[in-house]
Amino acid sequence: MLRLVLLTLGLLTLGLLVWHIGPGNIYTAAAQLGPAALIVILLPSLLMYVIEAYGWKVTLGPSAQHVPFWRLLAVRTAGEVVNMTTPTAYMGGEPLKAYLLRRHRVPIVDGLASVVIAKTTMTIAEVLFILAGIALGFWLLGGSGSSGQLTAAALLSVGLLLFGTAAFVFVQRRGLFIWTLERLRALGLRIGFLEAREEQLRSLDRTILDFYQHHRAAFYSSTGLFLLGWLAEALEVFVIIAYLGGPAGALSAIAIGALSVFIKGGTFFIPGSLGAQDGGNLLLLQAFGYSDVTGITFALLRRFRELVWIGIGLVCLALAGKPDEPA
């Protein structure tokens, strides 16, 4: 019920923003873009998906050889559409990825371990990206007045996120799943599904710990690849602003992209971050000197990209579970 209320408020907020700025003004700005421009705008997100799929592949180790890369990309895209469209705080698609990999001869323990590790390296890269964006934003906009207060609040929030990520890694090294099972038992909660799979959970913890202890190069490679993936999102910002008349700068694109990611992550409890993400993008572009028409058109174009990838993800979800044809 709460999520329905938040969704309604988000739709109302987005509608009011469009009405305030003027549908005619937005249409005029968007009408300047032809089909070729829309395709070019989608290319950075395609690059991002490919890079991030490689970031996940690195964490799979020897099991990756059983899955062609295009299959891995399809599985990840299918999992991401579940993350984007269900109320699971961007986590619901992760077990699905491991389940779909099992159909391609990847043991479920290896698959689950890889999605946990990849989510960790992705989050670490996200924090680094946001920190870089905050630093650039502070430098480009200055630290006086309200911008300084917003920067301080953002730094505090990212500090908490960084602490939470470090704590998550620490718990993984101590045995995340058995630790969770023991905490549940301490609270008097015994979940039959987990109790019956205690040995699998121990094996999963051992696999994750082995990765951290003996595959540090893969850990750093995965983190670096995910960071490149986030930078591809900044490239999308650059391309959209350039098509909307710019001027587009590389540093401001990184700052806007990173702060946009921060806003979206902070409003995960709103379905699709509807309204909050769009209003946040509008305010970001206004802060960097762009008009309100450019800001809201930018936000709507990013929504267009999300809808395209939701459609692609649904197709991948329908096809990813089909095993490869025998040779």
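Throughout, residue positions are numbered sequentially from 1 according to the sequence presented.
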Can you list everything that forms a side chain to side chain contact (heavy atoms under 4.5 Å, CB included) with [X]? Sequence neighbours excluded, please.
| X | value |
| --- | --- |
| A253 | V237, F238 |
| L209 | R173, Q213 |
| A125 | T223, F226, L227, W230 |
| Y290 | I241, P247, S252, I256, L285, F288, T294 |

Donor-acceptor pairs under 3.5 Å, side chain of residues 108-118 to any protein atom, not counting sequence neighbours: which ones?
unit_1: D110; atom_1: OD2; unit_2: S63; atom_2: OG; d: 3.0
unit_1: S114; atom_1: OG; unit_2: W56; atom_2: NE1; d: 3.0
unit_1: S114; atom_1: OG; unit_2: G111; atom_2: O; d: 2.7

Nearest-0.5 Å distance, [atom1] of residue [X] to [atom2] of residue [Y]:
| X | Y | atom1 | atom2 | value |
| --- | --- | --- | --- | --- |
| E233 | F129 | CD | CZ | 6.0 Å |
| K57 | L225 | NZ | CG | 11.0 Å |
| E236 | L42 | CD | CG | 8.0 Å |
| N281 | T297 | CG | OG1 | 12.0 Å |
| R303 | I310 | CZ | CD1 | 8.5 Å |
| I178 | E182 | CD1 | CD | 6.5 Å |

[Y] and [X], any side-chain heavy atoms less than 4.5 Å apart:
| X | Y | answer |
| --- | --- | --- |
| V315 | L319 | yes |
| F304 | I41 | no |
| E126 | I130 | yes |
| H215 | D210 | yes |
| T180 | L201 | no |

Only pairs under 3.5 Å count here: list side-chain donor-acceptor contacts from residues 46-53, not counting sequence neighbours, and write none if there are none.
unit_1: E52; atom_1: OE1; unit_2: R76; atom_2: NH1; d: 3.3
unit_1: E52; atom_1: OE1; unit_2: R76; atom_2: NH2; d: 3.3

Search all heavy atoms of [X] against all heavy atoms of [Y] and return the closest pair with its distance.
| X | Y | answer |
| --- | --- | --- |
| C316 | A78 | C-CB, 3.9 Å |
| S222 | T59 | OG-CG2, 3.6 Å |
| Q172 | T120 | NE2-OG1, 2.8 Å |
| L101 | L60 | CD1-CD2, 4.0 Å |
| V58 | S221 | CG1-CB, 4.2 Å |

Please determine if E306 and R302 form a salt bridge, counting it only when a charged side-chain N lies under 4.0 Å from a carboxylate O.
no
Should the pair R185-E198 be classified as a salt bridge under the 4.0 Å nitrogen-to-oxygen rule?
yes
Can E94 and N83 be counted as having a side-chain donor-acceptor contact under 3.5 angstrom?
yes
Would T77 and W309 count as having a side-chain donor-acceptor pair, cut-off 3.5 Å?
no
Do [X] and [Y] share a hydrophobic cluster (ILVMFWY, side-chain heavy atoms under 4.5 Å, transitive)?
| X | Y | result |
| --- | --- | --- |
| L131 | I263 | yes |
| L187 | L181 | yes |
| L283 | L301 | no |
| L244 | L38 | yes |

So does S203 get a backbone contact from the side chain of T207, meaning a donor-acceptor N/O pair under 3.5 Å?
yes
Go through the steps to decide whether L43 and V239 satisfy the test side-chain contact (heavy atoms from CB on, under 4.5 Å), and finish with yes or no.
CA-CA 10 Å; L43 291 180; V239 171; over 6 Å; no
Decide if atom [atom1] of [X] counts as having more than 12 heavy atoms of other residues, nucleotides or ligands within a radius under 6.0 Å.
| X | atom1 | answer |
| --- | --- | --- |
| Y99 | OH | no |
| R183 | CZ | yes |
| F69 | CZ | yes |

